[in-house]
Amino acid sequence: MDSPVSYEAHGEIGVIRVNNPPVNATSAAVRQGLVAAADQFAASAQKVAVLMADGRTFIAGADIKEFGKPPVKPHLPDVIHHIEALEKPVVCVIHGTALGGGFEVALGSHYRVAVKGARIGLPEVNLGLIPGAGGTQRLPRLIGMIPACEIFTSSRQVGAEECLSLGIVDAVIDKSPIEAGLDFARRVLDQGLPVRRVSEMSVAPYAEPDLAALKTKVARAQKGHVCHLRGIDVAVEGGELPFIEGMKIERQGFWDLMQTPQRAAMIHAFFAERKTASLPELKGIAPRALGHIGVIGGGTMGGGIAVSCLLSGLKVTLIERDAEAAQKASDGIAKTLTDSVKRGKLKPEARETLLADALVTSADYHSLAEADLVIEAVFETMEIKKDVFTKLDAVCKPGAVLASNTSYLDVDEIAAMTNRPEDVIGLHFFSPAHVMKLLEIVVAAKTAPDVVATGFALAKALKKVPVRAGVCDGFIGNRILKTYRTAGDHMVLEGASPFQIDKALVDFGFAMGPYAVADLAGIDIGYLTRQRLLPGRDPRERIGDWGDVLYHKGRLGRKTAHGHYIYDAQSPKGRPDPEVEEIIAAERAAKGITPRDFTDAEIVERYMAAMINEGAKVVGEGIALRPLDVDVTKLYGYGFPRFRGGPMHYADHIGLDSVLATINREAQTDDFFWQPAPLLQQLVAEGRDFSSLNEG
Ligand code: T1G
């Protein structure tokens, strides 16, 4: 088989070219090819070599698909050492994104050139790893310990100009990779520039307090992760030793992390989020046009959706009930765009153009006549949805996609309100809609395949992570949320403090616990949901009523500075309110419940068992296509800790049999709530796990 690495001569200049689509990952064949090409160059008459890649990007890292499998020689660190050891200069040309092992190849070269727009990065921490091919040893020697550690602990991508100012690259050239490479190679020849090995450089002195400050910042920002601080330790310890000894420290650190569950979880997340959009049902289905988006409702969700569309270059017509409300919505969008300018995400002049040319706000539904897709984001009652979709059915052009941002309601029932149910779909955004990456694409019974394809095309245009969901109350995310939230409420009724539950789950890795989330979302939201579900409630359901007490006391959470927590100048992030414990104690007494103590471990065990069990039901019923769709939903919409990979991946890690054992144990006291998912029972019986359902 042809090697993905070739060597060609251009007079005195040799060109080593990597061509391994889609991102030139350093697979075994690429590694072998690089060694062969380096040897060919060494033996040739060429005096300098250009190392470059074809396609849309330079090497974007080691081949992640090889991780966890038996390693194949040569290992990347040895390949890079081989290149660096050459006696003739090698100029590496970076275009697109030189990431991880790709950037490490560049660091092993003697000179580095970036073409305009190129970026470098060491994102291994996003995979639960650290750079494992010299990044932690060469980068500190090239640019200093602190900036190097900042780059590989932040996983940020560094632009070409900043690379030049940091001394990472020797030139930025606005030409094609081959031209830029040949240009710089000629400069090497003309100026007789020597081989320059980064490994022979030493780390410049740095201030210990700066390192301590960086460690503190990283520890706070990456709570629960093990790789970031390990990376800094490896760089510092190795930086004080001869390079070859430093590489041994890095190797040990890399292999230790390769064995961790965090690595497996984060690589699962990496591929899972890329799989949710690849659906067999969409093969060969072209999406409909998507230039002009209509949005109904200019509140928090409608405004956020409009901003997300505007920032992605789409034209937006937003409809509100009257001119005053339309103006208020326009002002809200303008304010959000101002924030984007402040955060450097948008240029001031671009903001002006968006507001002047791309956004229209109106109270007249007829201004939607030419819209390609309309997203309704009005109040969550069927009556209001009925009114909106009846109007949309009347004014929208044939072929327009009619979407609802409902987060619970029956999309089939909404579709049935129109004469074009095949054009109706659910597009469930998460607040704030211009920030949150998740988009639940809810496919109703009659939704046409090209309308589904249009939903996924919109997700791609908005740079969202899409997940296909079927129709049920709360779809994937909110349905599962209701279940594990109820499991939490049960533990509170039995004696656990809501504050202990929140702390146990934050220690587990969640950004926030369920009761702090309830305060953020609004106690009224929970109250209205309970009221909506009251008519169909089964008398065997155990419900906590303290939320209703808080609601009737006007304690709606952060927005009223009182919920489960008190929010004031003393504690802007909230402090537990002892009065809540009293309200709960009174409820227990009234229900004749003798409270008992809970360990944090039991809280996490029951909470996760409820989440996993409902996740298995959602997959079993086909609401979610695969367990990975549940994982991605929870990772991107509900703050599930990425280093645990999502609830279904976590279940595989702890063992489905132990999850089922927890459910069966709890069912002895409450067999109404704890009904094991048939899919979970089946997989345990067959000795399989959820990952076996993620294939294909
Ligand atoms: N290995 C294998 N496949 C990869 C890959 C990689 N490193 N990167 C991307 N792919 C696949 C991806 O699964 C998808 O496949 C296709 O390429 C396009 O990707 C020793 C140990 C480069 C910025 O972490 O961040 O080096 O779904 O959809 O949006 O120190 O991909 O089409 O079948 O994401 O344009 C470090 C990971 C590895 C970079 C392009 N490198 N990749 O984004 O396309 S660890 C990374 C990305 C390492 C060394 C260590 C992005 C991208 P499919 P895509 P994109």
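Position 1 is the first residue of the sequence, and the numbers go up from there. None of these values were measured; they are calculated from a predicted model. In listed order, ligands and their atoms are each counted from 1.
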[atom] touched by protein heavy atom at under 4.0 Å:
atom	result
atom 52 (C) of ligand 1	no
atom 1 (N) of ligand 1	yes
atom 13 (O) of ligand 1	yes

> For ligand 1, which atoms have a heavy atom of P131 less than 4.0 angstrom away?
Replying inline: 30 (O)
> Which atoms of ligand 1 sit under 4.0 Å from any heavy atom of D63?
Replying inline: 1 (N), 2 (C)
Quick test: of every protein heavy atom, which one is nearest to [atom], and how far off is it to 0.1 Å?
atom	result
atom 33 (O) of ligand 1	K65 NZ, 4.7 Å
atom 39 (C) of ligand 1	A60 O, 3.3 Å
atom 20 (C) of ligand 1	E104 OE1, 3.7 Å
atom 24 (O) of ligand 1	P123 CG, 3.5 Å

>> side chain to side chain donor-acceptor pair (under 3.5 Å) for T97 and Q157? Distances and angles first, verdict last.
In response: CA-CA 8 Å; T97 49; Q157 295 185 0; 5.5 Å; no
> What part of T57 sits under 4.0 Å from ligand 1 if we count only heavy atoms: the side chain, the backbone, both or neither?
Replying inline: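 No part of T57 comes within reach of ligand 1.
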> For ligand 1, is any non-hydrogen atom under 4.0 Å from P22's backbone (N, CA, C, O), its side chain (CB onward), both, or neither?
Replying inline: side chain
Could you tell me whether the side chains of [X] and [Y] share a donor-acceptor contact shorter than 3.5 Å?
X	Y	answer
N405	H428	no
S165	E162	no
D39	H82	yes

>> Here's one to test your reading of the geometry: is the NZ or CZ of R17 within 45 degrees of the ring axis of Y7 and under 6.0 Å from its centre?
In response: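 Verdict for Y7: no cation-pi partner in R17.
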>> Here's one to test your reading of the geometry: is the NZ or CZ of R274 within 45 degrees of the ring axis of F270 and under 6.0 Å from its centre?
In response: yes
> Is there side-chain contact between V467 and L439, with at least one heavy-atom pair below 4.5 Å?
Replying inline: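 Side-chain contact under 4.5 Å: no.
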> So do P466 and I441 actually touch side chain to side chain, heavy atoms under 4.5 Å?
Replying inline: yes
>> Please state which option from E273, H75, R274 has its nearest heavy atom closest to atom 34 (O) of ligand 1.
In response: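 Heavy atom nearest to atom 34 (O) of ligand 1 belongs to R274.
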>> Looking at ligand 1, would K275 count as a contact under a 4.0 Å heavy-atom criterion?
In response: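 Flag not set, K275 not near ligand 1.
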>> Against ligand 1, does V23 come closer than 4.0 Å with any heavy atom?
In response: yes
